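These notes concern the structure reproduced below.
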Amino acid sequence: MPRSSSPECLLQLLQRFLKRPNQINQIHSRLISHGHLLHSPNPRSASKWMTTLLYNTLIRAHLGFSQAHKPFLLFTHMLAHQAPPNSHTFPPLIKAASASSSPNLGAPLHTQVVKRGVMHDPFIQTSLVSFYAQFGILCDARKVFEEIAEPCVVAYNAMIDGFGKNGDMGSAVSLFQSMPKKDVVSWTSVINGFGRNGSFSEGIQFFKMMVHEDLMGCFVKPNEATYVTVLSSCANLDGWGSLYWGKQIHGYVIRKEIELTAFLGTALIDLYGKMGYVSSAANVFKKMVVTEVCTWNAMISALSLNGKVREALDLFEKMKRERLQPTAVTFVAVLTACGRGKLVNFGLELFRSMSNDFGVEPIMEHYGCVVDLLGRAGLFLEATELIKSMPFEPDASVLGALLGSCNIHGTAGLGNEVGQKLLELQPQHCGRYVVLSSINAGTERWDRAAAVRQAMVHAGIRKIPAYSVIDVN
DNA sequence: GTAGGGTTAG
């Protein structure tokens with residue numbers, strides 16, 4: 001089949017199968033075996049610009065595959081075979097560098113960009129802005145952005161997101177306001193930035209403004225990302241507003257007949273689960289056509305957070321039957337359920353199996369769940385042993401789980417020891433003082449209880465009043 | 001000559 005081996009034909013195939021590793025690898029080997037990726041004077045082989053085009057497409061095709069180094073490897077092959085990189089070569093490379101764990105690849109790439117004279121390409125500039133912002137190098141992100149003569153909306157959006165990622169919402173908002181034309185990503189990036197920085201109600205305000213622009217004739221329609229972002233702000237908002245706004249937005253989604261995608265459904269399940277409305281969460285879950293692991297994670301969490309232990313574990317079993325691969329989040333949810341249900345042995349067994357059978361290495365949160373599980377059951381020796389055996393230093397969440405158990409069981413000795421450590425770690429956390437004081441009061445050590453309350457006042461902390469929710473119908 | 005950049009889930 002000589003026709004299907006021509007560079008033009010293989011290029012078309014590459015473009016068609018961009019997101020499919022197996023096909024890409026097959027086409028890649030075919031390109032290699034036909035010598036299309038080598039620079040050669042043979043007129044029958046690919047011309048120089050065709051070779052560059054093939055490499056560019058291959059690099060892009062390898063973005064997001066499991067072998068994250070592949071784009072860079074291809075780039076070095078490209079250089080070695082005298083296929084000159086052009087402005088199209090760099091955006092995917094910079095994106096791959098953004099997805100890597102360190103900013104180290106930024107400097108050589110930026111240098112290549114300058115050397116090849118393509119620094120003024122708008123696509124490259126935007127990629128560099130988001131690269132620098134991704135790694136917290138906000139000054140360089142800004143510098144690149146400011147050198148753009150007339151930034152288009154995408155460049156603005158990258159910079160807004162960059163400000164949001166680095167906690168500078170002031171700059172994000174003023175840049176947003178200065179934009180000549182805003183699109184849905186501009187709005188979503190601001191809302192997302194507020195959410196990322198814990199300013200949930202500001203994010204919701206922005207969403208309200210967005211849908212209100214309707215009246216002013218410059219309406220920008222929210223998309224899936226917008227809804228997911230604002231719903232997650234609702235889910236994280238404290239107090240009554242949370243459910244109110246969440247329901248408003250859910251109502252809006254229903255009225256506008258917006259498709260219940262995996263992302264959107266998951267955000268709704270998460271919202272209702274956190275609000276204590278398990279049945280609403282379950283309704284959303286039932287209505288969904290497309291689900292992802294995250295959807296199941298959110299539903300299992302919703303059940304376990306609301307004490308539906310049996311249902312949570314059943315759903316976990318169902319998830320495995322559907323051949324979905326549990327993630328770290330899944331195990332947090334399932335271990336939490338075990339804690340609620342006092343299923344000590346089952347929980348420990350699960351904890352052991354997560355790395356053995358599912359290849360999920362326990363992180364801090366999993367240890368927190370198991371410490372909670374052991375502590376609630378009064379197994380303090382086992383809990384402290386587990387903490388000692390951890391491959392990293394326990395953080396406040398793990399110690400907090402132990403402290404909570406000491407409170408339940410009136411274990412004052414250990415409680416005071418753990419509590420002291422915690423107050424050093426989180427001197428501003430009112431709950432820690434309250435629990436520690438309660439442990440001492442419970443064992444009638446009033447002097448200590450008073451001393452802890454005193455220390456709390458001294459640290460300038462006031463207890464935030466608690467509230468509870470009752471689901472009527 | 002052709003392709004490419006920004007937002008979303010516990």
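First the proteins, then the strands, lettered A, B, ... as listed; each starts at 1. Predicted model only: the values in this text are computed from it and were never measured.
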_Among dT8(B), dA3(B), dG5(B), the nucleotide that comes nearest once only the side chain of H88(A) is considered_ = dA3(B)
_How many whole angstroms separate atom CZ of F90(A) from atom P of dA3(B)?_
19 Å
*Heavy-atom distance under 4.5 Å between the side chains of H110(A) and V144(A), does that happen here?*
yes
*Would you indicate which nucleotide in dG10(B), dG4(B), dA9(B) comes nearest to any side-chain atom of V329(A)?*
dG10(B)
*Under 4.0 Å between a side-chain N/O of R60(A) and OP1 or OP2 of dT2(B), yes or no?*
no
*Look at all strands and tell whether T57(A) reaches a base, only sugar-phosphate, or nothing, counting heavy atoms closer than 4.0 Å.*
nothing
*OH of Y156(A) versus P of dT7(B): gap in Å, rounded?*
18 Å
*asked:* Is it the case that the side chains of T89(A) and N86(A) hold a donor-acceptor pair, with the cut-off being a distance below 3.5 Å and no angle test?
replied: yes
*Output, in order, the C-alpha distance, side-chain angles, deciding distance and verdict of side-chain hydrogen bond (donor to acceptor under 3.5 Å, both in side chains) for N297(A) and T327(A).*
CA-CA 8 Å; N297(A) 290 348; T327(A) 64; 3.1 Å; yes
_Given dA9(B), dT7(B), dA3(B), the nucleotide with the shortest approach to the side chain of C294(A)_ = dA9(B)
_Centroid-centroid under 6.0 Å between F194(A) and F206(A) rings_ = yes
*When all nucleic acid strands are considered with a 4.0 Å heavy-atom cut-off, which category describes Q125(A): base, sugar-phosphate, or nothing?*
nothing
*What nucleic acid atoms does T327(A) come within less than 4.0 Å of, heavy atoms only: base, sugar-phosphate, or nothing?*
nothing
*Given dA9(B), dG4(B), dT7(B), the nucleotide with the shortest approach to the side chain of F263(A)*: dA9(B)
_Distance-only donor-acceptor test (3.5 Å): side chain S127(A), base dG5(B)_ = no
*Looking at every strand, decide which applies to N236(A) at a 4.0 Å heavy-atom threshold: base, sugar-phosphate, or nothing.*
nothing
*Side chain of T266(A): nearest nucleotide among dT8(B), dA3(B), dA9(B)?*
dA9(B)
*Nearest-angstrom distance from the residue atom CG of N86(A) to P of dG5(B)*: 14 Å
_As a test of reading the structure: which of dA9(B), dT7(B), dG4(B) is closest to the side chain of D161(A), going by heavy atoms?_
dT7(B)
*Taking atom types as they are modelled, is there a donor-acceptor pair under 3.5 Å from the base of dA3(B) to the side chain of N56(A)?*
yes
*asked:* Whole angstroms only, please: what is the CH2-C1' distance between W296(A) and dA9(B)?
replied: 16 Å
_d(CG, N223(A); P, dA9(B)) in whole Å_ = 13 Å
*Flag the pair H69(A) / F72(A) as yes when their ring centroid distance falls below 6.0 Å, and as no otherwise.*
no
*Send over the distance from R196(A) CZ to dA9(B) P, rounded to a whole Å.*
8 Å
*Which nucleotide sits closest to the side chain of S87(A): dG5(B), dG4(B), dG10(B)?*
dG4(B)
*What nucleotide among dT7(B), dG10(B), dA9(B) has an atom nearest to a side-chain atom of E292(A)?*
dA9(B)
*Would you mind telling me which of dT7(B), dT8(B), dG4(B) lies closest to the side-chain atoms of T188(A)?*
dT7(B)
*Is the distance between the ring centroids of F351(A) and F331(A) under 6.0 Å?*
no
*Could you state the CH2-P distance from W187(A) to dT7(B), rounded to the nearest angstrom?*
19 Å
*Quick one: which of dT7(B), dG4(B), dA3(B) gets closest to the side chain of A225(A)?*
dT7(B)
*How close or far is atom C1' of dG5(B) from atom CG of D183(A), stated in whole angstroms?*
13 Å
